Amino acid sequence: MKDPAVCAFLVEPIQGERGVYTPASDYIPRAIAACKARNVLFIADEIQTGIARTGRLLCSVPDDERDPAKRPDAVILAKALSGGMYPVSAVLARDEVMSVFTPGTHGSTYGGNPMGARVAMEALAIVKDEGLTANAERLGSMFREEMGKLVGQYGFIKLVRGKGLLNAIVIDPRTAHDGSPLSAWELCLLLRDNGLLAKPTHGDIIRFAPPLVISEEQLMESCRIIAVSVQQFA
Ligand SMILES: *Cc1c(COP(=O)(O)O)cnc(C)c1O
């Protein structure tokens with residue numbers, strides 16, 4: 001079954017900005033399989049999920065997966081590719097896909113920037129040398145466990161979701177006694193006053209995507225600040 005009108009399926013393995021929507025663990029493998037069966041390119045936007053963030057080098061495929069039938073046809077990377085140090089982005093693809101581009105097909109003023117390439121290579125070496133993939137996996141589990149306690153304790157903390165060090169809590173926006181709203185924004189202001197910066201999305205979601213070099217001690221301190229702030233918010 002092939003649809004001649006569909007050439008590609010482009011997806012974030014976890015929707016980042018939308019609120020860290022984390023699909024079931026078989027969603028991406030099944031989407032890849034469905035695309036292969038229909039001759040549709042599967043393209044993973046891993047700008048937020050890629051480079052160790054979710055406890056793997058890429059979120060859409062296990063680090064050791066060599067079977068092309070189980071890998072994305074193309075992957076988009078940026079941001080963390082340079083450790084946030086320098087504007088670098090990249091598209092990775094199988095030869096068969098990449099060779100559609102021939103010299104002159106695609107131009108970019110700063111494409112192939114040598115400084116950018118060097119920074120990206122160094123950032124990747126640091127991810128590997130400092131074991132940041134395993135760090136994200138381990139500390140991410142601890143974070144969700146700590147947040148899970150708050151979910152059990154406070155009705156307005158509805159849930160925690162995410163993978164590795166890309167996580168979010170969802171709150172039930174409340175109304176203060178004087179009628180003013182208590183949304184994710186107000187909770188983020190409390191977090192700030194208590195020493196932790198985090199970003200709300202969509203009024204009821206707070207994203208937590210700390211630097212991958214965060215230590216266990218720093219992570220636990222962050223969890224304590226969140227707990228204290230939630231208590232003040234209650
Ligand atoms: C930042 C971002 C983009 C856009 O990247 P630019 O380099 O700013 O064009 C695309 N997708 C996701 C998921 C992003 O986080």
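As the structure is a prediction and not an experimental result, all values here were calculated from the model. Order of listing sets the numbers, starting from 1, for every ligand and every atom in it.
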(request) Let me see the working for F233 and F156 under ring pair (Phe, Tyr, Trp, His ring centres under 6.0 Å), right down to the final yes or no. (result) CA-CA 10 Å; F233 193 72; F156 63 93; 5.5 Å; yes
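Across all their heavy atoms, L197 and R192 have their closest contact at CD2-CG, 3.7 Å.
Looking at T22, its side chain does come within 3.5 Å of a backbone N or O of V20 through a donor-acceptor pair.
A distance of 6.5 Å separates CD1 of I51 from CG of L58, quoted to the nearest 0.5 Å.
Sorted by first and then second residue, the salt bridge (charged side-chain N to carboxylate O under 4.0 Å, His left out) pairs involving residues 7-17 (not counting sequence neighbours) are E17-K199.
Using a 4.0 Å heavy-atom criterion, the residues that approach ligand 1 are E12, D45, I47, Q48, K79.
By the 4.0 Å N-to-carboxylate-O rule, R224 lies too far from E221 to be salt-bridged with it.
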